[in-house]
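Owing to the predicted nature of the structure, the values given are computational and were not obtained by experimental measurement.
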Amino acid sequence: MRKNTKKKIAPVVVTALVVAYMGPIVAAVAYAAGLLGAEGGWGILPFMLLYAGIGGAVIVGILAAMTQRLREIDGGEEDEASKY
């Protein structure tokens, strides 16, 4: 096992938890908006799509942050900072 493998566990776990939390919320909003087969009113559709878009943006953002953090860990950013 590599030296920095333990440091990678936290970002991956937090990302999985956020995606597991936001995924069903986005799916429920999309269903309520009528995108997945539910019958709904058209007046609320823009607000529901906005809410679903925000949830999707949270998922994409957390995945991007995790990727960036894993690159920092691989690059030895914490090891270099500990020298000072």
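Note on Tyr21: it clusters hydrophobically with Val29, by side-chain heavy-atom contacts below 4.5 Å among ILVMFWY residues.
In this view, Val60 satisfies the side chain to side chain contact (heavy atoms under 4.5 Å, CB included) rule with no residue, not counting sequence neighbours.
Proximity of Asp74 to Lys8: side-chain heavy atoms (C-beta onward) are separated by under 4.5 Å at one or more points.
The distance from atom CD1 of Ile59 to atom CD1 of Ile25, rounded to the nearest 0.5 Å, is 9.0 Å. The distance from the CZ atom of Arg69 to the CD atom of Glu72 is 5.5 Å, given to the nearest 0.5 Å.
Across all their heavy atoms, Met22 and Gly55 have their closest contact at CE-CA, 3.4 Å. Here the closest heavy-atom approach between residue Pro11 and residue Ile73 is recorded as CG-CD1, 4.4 Å.
Clustering of Ile, Leu, Val, Met, Phe, Trp and Tyr by side-chain heavy atoms under 4.5 Å joins Leu17 with Ile9, Val13.
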